[in-house]
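Comments concern the structure below.
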Amino acid sequence: MGKKKPFQTRRDFMKRSAVAAGGILAGQPPSLSRPRTRPTGPSPGRVIGANERITVGFIGLGWQGFDGHLATILEHGAEFNAVGAAVCEPWTLRLERARAAVGLPGADAYTDYRYLLDRNDIDAVFIGTPDYWHAPIAMAALDAGKHVYCEKPLTRYLGEALDLHDRVVASNRVVQIGSQYCSEGKWHRAAELVAAGKIGAPVLAQASYMRNVPDGEWNYEIDPALTRETLDWRLWVGPVPDRPFSPDDYFRWKKYHPYGAGIVSNLLTHRILPLMLAIGKPEFPKSVACLGSKKITPDRDIPDNTQLIAEFPSGLSIVVVGSTVNEVGLPQIIRGHEGTLYFGGNSVELRPERPFADLADPELYENVEPVVSVKNHVADWLGAIRNGNTPTGNIDLAIKGHTVVCLAEMSQRLGEMLHFDAETRTITTGSGRTIEPISHGTLT
């Protein structure tokens, strides 16, 4: 990869406003209406050998797309035997920044993701776009024969998530949900303990994701360099209807329902997936209820304080809470009938329940590797592509965890507990009324 290029911090980049609008790259496709030459229909993709280089593209180059995905490949590409070959982003300032960081010519930078996917030399893509673009881009990538690393949450809504799941299962591509906690060693050690019967039947698990941001979570600084001339608004807003040009939407989209589900999807996904992974046999939820209030920061659609409970067919329940206005959370615990697991930063402790203390000894595992990092999660994905392994953030775990997330949002917004039938994929209320998943344009 040669000499490493220096990176700006997220704060440094957000303060940049002097980059000229003339950064629009030569040869950019002007709009989605431009015809393409690749035939439609799924592509089988290239078979990658254990020692072959993997060529990747980056779609969506905001904070996680640049600081997480692109920076990881630039820093560890030689170690991973992977190289970035193309970038895509509808705001030309971010696009130019990424192009320059990778050292690509203008012809390898796109505002329209479809042109990147048309390239036969790209084996895999990172998707770091806002949530509402995850499903259409991931499905198009699979059709183009690409492996996919899709930032969490899996999709914006449940119906499209189920469709994406089916597309992944029918493909021979490797899809990794971008929650790096799924590659954290302590959850896999916990899964081994659960599988060995050390806690008996799992009963209740809990976790939280808590923050306290005085100026309001996700109120990122608005860069005046973003204008109608430097951002292709229609490309960015895409499937979301009736949203006029708004720099506030672009930088602070996580606050608004058309783009994401706030705390539940952007924070609690990181807690739900590891808990389900640690249980060892992820299930679709049976019932989900969620409360949410918006009293401290009313400048948004989404709650600033959320409590979620989900029940599973096995009898397990999980309780996950999140806040952006208080940072005191719940400890990470998995309770079983015969023992309980307690989690530290990178440790797992097993304590037998009192009635079963004479049947098992306490166990403590410290400094469990690997630690949580985007690097480890990307390495897991690339390794699965080469070796045919199942990645830690695999589609089976992802769809089951995401069903919890989507039902939680719907429960909070509709004010009802919701029940899910995994076989028929139907959602009902306590009174037996069948309801459809909330979708774009539906705000009730």
Side-chain angles (χ1 to χ4, degrees), residues 8-17 19 59-69 89-95 97-98 111 127-134 137 151-153 155-157 178 209-270 292-306 322-327 405 409 412-413 438 440-443:
Q8 291 181 308
T9 65
R10 179 177 302 181
R11 184 176 296 274
D12 289 339
F13 176 60
M14 291 307 299
K15 288 182 177 178
R16 287 181 61 199
S17 60
V19 176
I59 303 174
L61 292 161
W63 301 302
Q64 186 66 1
F66 188 94
D67 296 342
H69 305 160
E89 161 67 38
W91 182 25
T92 55
L93 188 150
R94 282 180 170 168
L95 182 63
R97 178 195 185 209
T111 55
I127 300 174
T129 64
D131 302 353
Y132 63 94
W133 268 117
H134 289 182
I137 295 178
E151 195 52 49
K152 58 77 192 164
T155 65
R156 176 64 187 91
Y157 299 109
Y209 204 129
M210 312 288 284
R211 294 175 174 174
N212 195 343
V213 183
D215 296 330
E217 183 70 59
W218 299 309
N219 276 331
Y220 300 127
E221 184 177 349
I222 295 175
D223 191 328
L226 185 133
T227 66
R228 290 180 181 274
E229 289 70 37
T230 62
L231 171 68
D232 189 324
W233 177 255
R234 191 168 67 86
L235 275 173
W236 185 81
V237 78
V240 177
D242 303 324
R243 299 292 286 201
F245 174 77
S246 169
D248 182 76
D249 278 22
Y250 181 86
F251 289 105
R252 302 172 178 178
W253 60 266
K254 291 183 180 180
K255 294 167 42 178
Y256 304 118
H257 277 145
Y259 306 118
I263 292 173
V264 172
S265 60
N266 285 287
L267 300 183
L268 298 192
T269 295
H270 282 317
S293 62
K294 184 178 57 179
K295 298 296 184 182
I296 309 300
T297 52
D299 65 331
R300 59 199 60 216
D301 297 335
I302 54 95
D304 53 29
N305 194 36
T306 298
S323 177
T324 57
V325 293
N326 184 279
E327 59 187 11
V405 168
E409 182 199 4
Q412 185 269 316
R413 291 175 67 179
I438 293 173
H440 290 299
T442 304
L443 298 179

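Remember, predicted model here, so these are calculated numbers, not experimental data.
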Could you work out, with salt bridge (Lys or Arg N to Asp or Glu O under 4.0 Å) as the rule, every residue matching K255, not counting sequence neighbours?
D299
Restricting to salt bridge (Lys or Arg N to Asp or Glu O under 4.0 Å), what partner residues turn up for E89, sequence neighbours left out?
none
Heavy atoms only: give me the nearest [X]-[Y] pair and the separation to one decimal.
X: P303; Y: I263; answer: O-CD1, 3.5 Å
X: S265; Y: V405; answer: CA-CG1, 3.8 Å
X: E151; Y: G178; answer: OE2-O, 2.8 Å
X: L61; Y: A98; answer: CD1-CB, 3.4 Å
X: T129; Y: G60; answer: CG2-CA, 4.0 Å
X: L93; Y: A225; answer: CD1-CB, 3.6 Å

Using the test ring-ring contact (aromatic ring centres under 6.0 Å, His included), find all partners of Y250 that sit at least two apart in sequence or belong to another chain.
W91, W236
Residues two or more places apart in sequence or in another chain: which of them pass ring-ring contact (aromatic ring centres under 6.0 Å, His included) with H134?
none
Not counting sequence neighbours, which residues clear side-chain hydrogen bond (donor to acceptor under 3.5 Å, both in side chains) with [X]? List them please.
X: D301; answer: none
X: E217; answer: R211
X: D131; answer: none
X: D248; answer: R252, Y256

Is there a side-chain contact between [X] and [Y] (heavy atoms, below 4.5 Å)?
X: K294; Y: I302; value: no
X: E409; Y: R156; value: yes
X: Y259; Y: V237; value: yes

Check the pair I59, W133 against side-chain contact (heavy atoms from CB on, under 4.5 Å), reporting the backbone distance first and the verdict last.
CA-CA 10 Å; I59 303 174; W133 268 117; over 6 Å; no
Which is it for W253 and Y132 under the ring-ring contact (aromatic ring centres under 6.0 Å, His included) test, yes or no, and what are the steps along the way?
CA-CA 10 Å; W253 60 266; Y132 63 94; 7.1 Å; no
Measure the [atom1]-[atom2] distance between [X] and [Y] for me, rounded to the nearest 0.5 Å.
X: T306; Y: M210; atom1: OG1; atom2: CE; result: 9.5 Å
X: S246; Y: L231; atom1: OG; atom2: CG; result: 10.5 Å
X: T111; Y: R234; atom1: OG1; atom2: CZ; result: 10.5 Å
X: D215; Y: E221; atom1: CG; atom2: CD; result: 11.5 Å
X: F251; Y: L226; atom1: CZ; atom2: CG; result: 5.0 Å
X: I137; Y: I127; atom1: CD1; atom2: CD1; result: 5.5 Å

R243 NZ/CZ over W233 ring centroid, <6.0 Å and within 45° of normal:
no
Qualifying residue for side chain to side chain donor-acceptor pair (under 3.5 Å) with D304, from T324, T297, N212
T297
T230 (side chain) donor-acceptor with T227 (main chain) under 3.5 angstrom:
yes
